[in-house]
Each structure stands twice: as C-alpha cells, then as structure tokens.
Amino acid sequence: MIEFFQVLVSGIMLGGIYSLISIGLTLIFGIMRILNFAHGEYLMIAMYLSFWLFKLLNIDPYVSIIIVVPALFLLGIISQKLVIKPIINAPPTMQIFATVGLSLVFQNLALFLWKADYRTVKTSYQTATIHLGPMLVSFPRMVAFLIAIIVSLGFFYFLKNTYTGKALRSIAQNREAAMLMGIDVSKMYMIAFALGTACVGVAGALLMPVYYVFPTVGTYFGVTAFVVVVLGGMGNMTGAFLGGLLIGVIESISGVYIDPSLKEAVYFIIFILVLLFKPSGLFGLRGAEEVGLK
Amino acid sequence: MKTETNKETLISPQLYVPVLFFVLLFLIPLVIKNPFYIHNMILIFFYAALSSAWNIIGGFAGQISLGHAAFFGIGAYTSAILYVDFGISPWIGMLAGGVLAMLVAAGISYPCFKLRGPFFTLSTIAFGEVVRLLVSYFRDITRGAVGLLVPFKPGIGNLMFRGKIPYYYFALILMILVVVVSKKISVSRMGFYLTSLREDEEGAQAIGINTSLYKLWAVMISAFFAGIAGVFYAQYILFIEPESVFSSAMSTQFALMSIIGGMGTVAGPVVGSFILTPLSEFLRSTLGGSFQGLHFAIYGVLLIIVVILMPQGIVVWFKDKYEALLERLPNEKRREVKS
C-alpha cells in the first residue's frame with residue numbers, strides 16, 4: 001500500500017510540470033485556435049538556456065527562471081510575428097505545417113549547435129529527498145511541483161482579475177464580439193502566444209535538475225502536452241491543470257505496474273480513446289467538443 | 001464526341017511528355033555509372049513514391065497524417081521478419097507487408113476519421129508512436145531497439161543485388177506505379193469525391209457522398225504503397241531499427257515533400273522529392289557530420305516559407321510554363337481543329 005502511495009505521489013509531482021507545459025499549449029489553442037506543434041521545442045530551448053546559464057555562468061536552474069522566462073516570452077513574440085501571424089486565418093492544414101516547420105527548425109538548429117548529447121546539470125540538492133510521512137519524495141521534484149502550482153495559480157489569478165486576462169478570455173469565448181468591444185485582438189494574440197511560451201520557460205528551468213536535455217526532448221514533452229490538453233478539454237485551463245496531474249499519475253503507475261517501456265504507449269492509447277469517445281475532454285467544457293469534430 | 005477529344009491519348013502532349021520523362025529516367029543508368037549519383041536517384045524515386053503515397057490521403061483527401069512511418073515500418077518489418085525467420089522471399093513479403101500495412105491503416109484510421117483537421121493529425125501522431133513503442137517492446141519478434149539485420153544473399157528471388165542498378169529500376173518502377181495510381185485516382189469519381197470532402201466535408205455528406213468510405217479507400221491505398229516502399233528500404237539498406245523506420249522525422253519527411261512540391265496534385269510530391277532529396281544529400285555530403293541537423297533545419301525554413309508565401313507549393317511555379325510548353329508541342333487536338 002505504501003508503495004502504491006509512493007508511486008501516486010511521485011506521479012503527481014511529475015504531473016505538476018506536465019500541467020504547466022499544457023496550460024501554455026491550451027492557452028494558445030483556446031485563444032488563437034492554433035495547435036502549436038512546436039510547443040515542445042520551446043520547452044527544449046528553455047531547458048538549453050537554463051543548462052547553459054548553469055554551465056557558463058553557474059546560475060542555479062531555479063534562479064535561471066528570471067532570465068529564461070522573459071527570454072521565452074520574447075521568443076514567443078518574435079515567432080508569433082514572423083510565422084504565426086501570417087497564417088492565423090489560413091486553413092488548418094497550413095497552420096499545422098507552419099508550426100511543424102517551426103519545430104523542425106528549432107529541433108535541428110539545436111542538433112546543429114549542441115549535438116545530440118544528453119546533458120544535465122549537477123547540483124547539490126539533486127539527489128536530496130524529503131520525508132513526507134512514510135513516503136520519500138525527491139527534493140527537486142517537490143520544488144518543481146510547488147513552483148508549478150504557484151505559477152499556475154498566479155496565472156489563473158491573472159486571467160480572472162486583470163484587464164489583459166479578461167480580454168484574453170473574452171477572445172477565447174467569442175472572437176468577433178471581443179473585437180467589437182474594442183479589444184485589440186492581434187495584440188492579444190501576441191500576448192497569448194508569448195504567455196504560452198513563457199509557461200514552458202518556467203517548466204524548462206524546473207525540469208533541468210531532474211531531467212536531461214537533448215535536441216528531441218521537446219517531442220516527448222510536446223506530445224505529452226497534447227495528450228493532457230485533450231484529456232482536459234481543448235482550451236480549458238483548469239482541465240489542462242488537472243489533466244497534467246492525471247497523466248503524471250498514469251505514467252507513474254503504468255511504469256511501475258505494467259512496464260517502464262510501455263508507459264508512453266499506455267497514455268497514448270488513453271489519449272486516442274478520449275479523442276474518439278469523449279472529445280470534449282474528461283472534465284467536460286461546453287463547446288470544446290465541436291473544436292475537434294468540426 | 002466531346003469526351004473523345006478530351007481523352008488523353010499517346011499522341012497528346014499531356015501524356016507523352018510525362019512518358020518521355022519516365023523513359024529518360026530509364027535510360028539514365030546507361031550514361032551515368034557513378035554509384036553516388038545512382039544512389040541519389042534511388043533515394044529521389046524512393047521518397048517520391050512515399051510522398052506520392054502520402055499525398056493520396058494527405059493531399060487528395062486533406063487528412064494530414066503525421067504517422068505514416070508506421071505503415072512504412074510495418075511493411076519493412078513484415079517482409080524482413082518473414083525472410084530472416086521463415087525464409088520467405090521478400091517478393092511474397094512485399095505483398096504481405098503492403099497488405100498488413102493496409103489492414104492496420106484501415107483499422108487505425110476508420111475510427112479517427114470523425115476527427116477533424118489538427119485532431120486527426122494528433123491521432124495519427126499518437127498511433128505512430130504507439131506502433132513504434134510496441135515494435136521496440138516485443139523484442140522476441142522484432143529484436144527490439146537493437147534492430148534487425150537482413151543477411152545479404154544476392155539473387156533476384158531474395159530481392160537483393162550486388163550493384164545499385166537493379167535497385168534503381170525497382171525504385172523507379174515503384175515511383176511510376178504510385179504516380180500512375182495517383183493520376184488514375186485524381187481523374188476518377190473517387191478523386192472528385194476526395195476533393196469535395198477535403199473542401200467541405202458536411203457539404204460532401206449532404207450530397208450523398210459516403211465520406212468515411214472514400215477516406216478509408218484513400219488511406220488503404222496510401223498505406224499499401226508505403227508498406228511496399230518499406231520492403232524496398234529493408235532490402236536496400238539491409239538493416240532496420242524502430243528508431244529509424246518508425247521515426248516521426250520519417251513521417252514528417254513524407255508530408256514535407258508533398259507540401260513543398262504541391263499538396264493534392266499528382267506532380268507535387270515528385271517535384272518535392274526531386275528538389276529536396278538531392279538538396280539534403282548534397283548538404284549532408286558537402287557539409288559532413290559536423291553540420292548534423294542543418295539540412296532538416298533548412299527543410300523547416302523552406303516549409304514555413306512555402307506555407308506562408310505559396311501554399312499551393314512549388315509546382316505552381318512550373319505549372320504555367322509547363323502548360324505553355326504543352327501548347328507549343330505537336331498537339332492532336334489542335335490538328336483536329338485545323339482539319
């Protein structure tokens with residue numbers, strides 16, 4: 001029983017980071033109606049940035065957040081201006097390929113610049129553990145989880161209570177009406193995209209002490225984020241948050257009780273089943289279903 | 001009478017220009033003996049065939065699959081396992097691989113066809129990943145991540161040859177076959193159905209087209225040829241591993257060539273492969289290993305430029321010139337008008 005709870009807790013810890021990545025993805029989708037196939041690559045860039053800040057300037061990965069996040073925000077603005085803006089009204093096929101192209105560029109530039117080596121940081125707290133009742137929790141995972149929760153809550157607060165946040169939500173609900181109310185939609189698109197990439201900026205820095213970085217690391221986390229977003233209901237932030245935790249737990253449980261090499265297959269199959277049978281996501285959001293089917 | 005004049009016969013340039021082009025390709029090995037160039041031509045035909053196969057479902061029907069490496073890999077693994085473990089000739093393996101890829105495609109795609117646009121694409125990515133993970137997992141059958149080595153025993157029955165020339169003709173014929181099938185589909189009733197459901201699925205259903213059925217046909221044909229190309233790959237490279245044949249980079253490449261060349265047209269994927277394959281081989285051979293990844297980054301930039309500036313693909317550039325050329329060539333139709 002203790003073992004099961006141990007697995008459960010470690011899954012939830014991992015899930016916090018998935019939540020953070022997925023909130024960014026679902027924000028971009030909810031507001032711009034674009035599925036960002038390059039989302040994982042922004043995470044990869046954030047991880048490399050955090051890695052090099054540690055390696056060259058000896059900046060702790062957690063401290064690097066204050067540099068990585070603005071950098072990713074900026075990168076988001078630039079890519080939105082250059083690539084996303086021209087295709088915002090293009091057919092879905094073109095939107096898929098534009099972001100796939102973006103992911104190819106990022107992934108292979110990373111391969112070109114930094115080779116395919118797996119790199120990681122060495123910190124004093126890397127292997128530290130904390131006793132949580134009878135369970136042992138890895139310290140960096142715990143920190144990642146807590147920061148992920150704080151950032152997500154802050155993000156929800158921002159969306160609920162600030163003008164920009166309200167404007168963003170209004171666009172998600174009805175693009176035309178928001179435009180008629182005098183909201184600068186194209187500026188909001190830019191903010192939404194940049195906020196989405198800033199989210200993975202935080203996630204990237206948090207992942208660095210617990211994971212390796214390599215050029216295709218984004219594929220793994222990017223696809224996982226898609227799974228989470230579909231589970232939580234497209235464009236539904238709370239759903240993405242809960243979905244992230246759920247996927248963390250599923251991954252952890254199937255890794256221990258089925259086979260570590262099949263854990264991804266398990267949640268991909270769940271993903272396909274949800275897409276097919278409950279496309280509105282597990283937490284039901286009105287209208288989300290139409291997004292997938294129309 | 002009208003249909004008769006529109007029909008393309010061997011004397012009309014619409015038909016004899018492509019035929020001449022293919023004949024020319026048949027003659028190339030008589031002149032060029034350098035194995036490097038022959039190898040590049042083989043790759044061009046190989047990717048043109050795969051991209052054309054992808055184009056049947058991705059281009060004609062507009063169902064963007066980014067998991068096509070699954071069908072390619074199933075073909076490769078089926079024939080390689082049949083040959084290595086059971087001594088069955090790859091010629092039979094080819095049929096088995098193609099048919100298995102086709103059946104898997106039908107089973108996988110049918111339920112997913114109700115998903116639209118990017119969601120269909122997501123489901124194909126997920127399926128591609130599941131297939132890759134399962135192939136790595138079932139080591140007893142597939143040898144897992146270590147890969148499968150096909151022992152080299154040259155002979156026509158084993159579909160293995162000492163020189164590159166037989167492979168050249170095999171790849172060329174495969175490409176022509178897929179192109180001819182694509183052409184046949186594009187001018188058939190099915191082709192029109194696929195176009196209509198691509199443009200407006202509800203509209204197509206409203207006028208009584210069974211859209212799921214035609215998408216199913218398209219994906220089955222597409223997967224069959226992808227599977228056969230997989231068998232060719234296994235016999236040519238003689239080594240397959242999950243990370244290479246089932247990789248998402250492979251899936252992306254098939255789609256990429258179609259879209260850069262011109263998605264939904266018969267010539268598009270072929271044009272795409274004739275431009276991109278030599279480009280990547282050139283970059284790889286001149287820049288060498290130290291510039292790993294650079295050619296794919298260039299692919300990515302090209303893809304973004306094409307999508308933003310000319311979403312119909314490079315083929316649009318050639319189209320007017322090509323049609324003007326056809327006008328100037330001896331034309332059966334014009335002769336009829338004159339007489």
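Reminder, nothing fancy here: chain letters follow the sequence lines and each chain counts from 1.
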- Task: Would you mind reporting whether A:F268 and B:L133 have side-chain heavy atoms less than 4.5 Å apart?
- Result: yes

- Message: Can you confirm whether more than 12 heavy atoms, excluding those of A:Y257, are under 6.0 Å from its OH atom?
- Response: yes

- Message: Please check if the number of heavy atoms outside B:E281 that lie under 6.0 Å from its CD is greater than 12.
- Response: yes

- Message: Just so I know, are the side chains of B:F296 and A:L111 near enough to count as touching, which here means a heavy-atom distance under 4.5 Å?
- Response: no

- Task: Counting only heavy atoms closer than 4.5 Å, note whether B:S123 contacts chain A via side chain, backbone, both or neither.
- Result: both

- Checking A:L82, A:I87, A:T99, A:L102 against B:I304 for side-chain contact (heavy atoms from CB on, under 4.5 Å), the one that qualifies is A:L102

- Is the closest side-chain heavy-atom distance between B:T121 and A:V100 below 4.5 Å? no

- Query: Crowded around A:Y212 OH? As in, over 12 foreign heavy atoms under 6.0 Å?
  - Reply: no

- Quick one: what part of A:V223 sits under 4.5 Å from any heavy atom of chain B, side chain, backbone, both or neither? side chain

- Message: I need the B:L134 CG to A:I269 CD1 distance, nearest 0.5 Å.
- Response: 6.5 Å

- Query: What residue in A:V266, A:V227, A:I34, A:L35 has the most heavy-atom pairs under 4.5 Å with chain B?
  - Reply: A:L35

- At a heavy-atom separation under 4.5 Å, does A:Y267 approach chain B through its side chain, its backbone, both, or neither? neither

- Under a 4.5 Å heavy-atom cut-off, does chain A meet the side chain of B:L66, its backbone, both or neither? side chain

- Spacing of OH belonging to B:Y299 relative to CG belonging to A:L104, to within rounding of 0.5 Å: 10.0 Å

- Note on the structure: Under 4.5 Å to a heavy atom of chain A? For B:L122 that would be both

- Item | Neighbour count above 12 (heavy atom, 6.0 Å) for A:W52 CH2 | yes

- Contact leader toward chain A among B:L256, B:I64, B:T252, where contacts are heavy-atom pairs under 4.5 Å: B:I64

- Rounded to the nearest 0.5 Å, what's the gap from CZ on A:F226 to CD1 on B:I125? Could you check? 6.5 Å

- Message: I need the A:Y220 OH to B:E129 CD distance, nearest 0.5 Å.
- Response: 11.0 Å

- Message: At a 4.5 Å cut-off on heavy atoms, which part of A:V230 comes close to chain B: side chain, backbone, both, or neither?
- Response: side chain

- Which atoms of A:A98 come close to chain B, meaning under 4.5 Å heavy atom to heavy atom: side chain ones, backbone ones, both, or neither? both

- Please flag which part of A:F97 lies under 4.5 Å from any non-hydrogen atom of chain B: side chain, backbone, both or neither. both

- Grab the two heavy atoms, one from B:S248 and one from A:T219, that are nearest each other, plus how far apart they are. OG-CG2, 4.4 Å

- Note on the structure: On a heavy-atom basis, the closest approach of B:I259 and A:M94 is CD1-CE, 3.9 Å

- Are A:T93 and B:R198 side-chain neighbours, meaning at least one heavy-atom pair lies under 4.5 Å? no

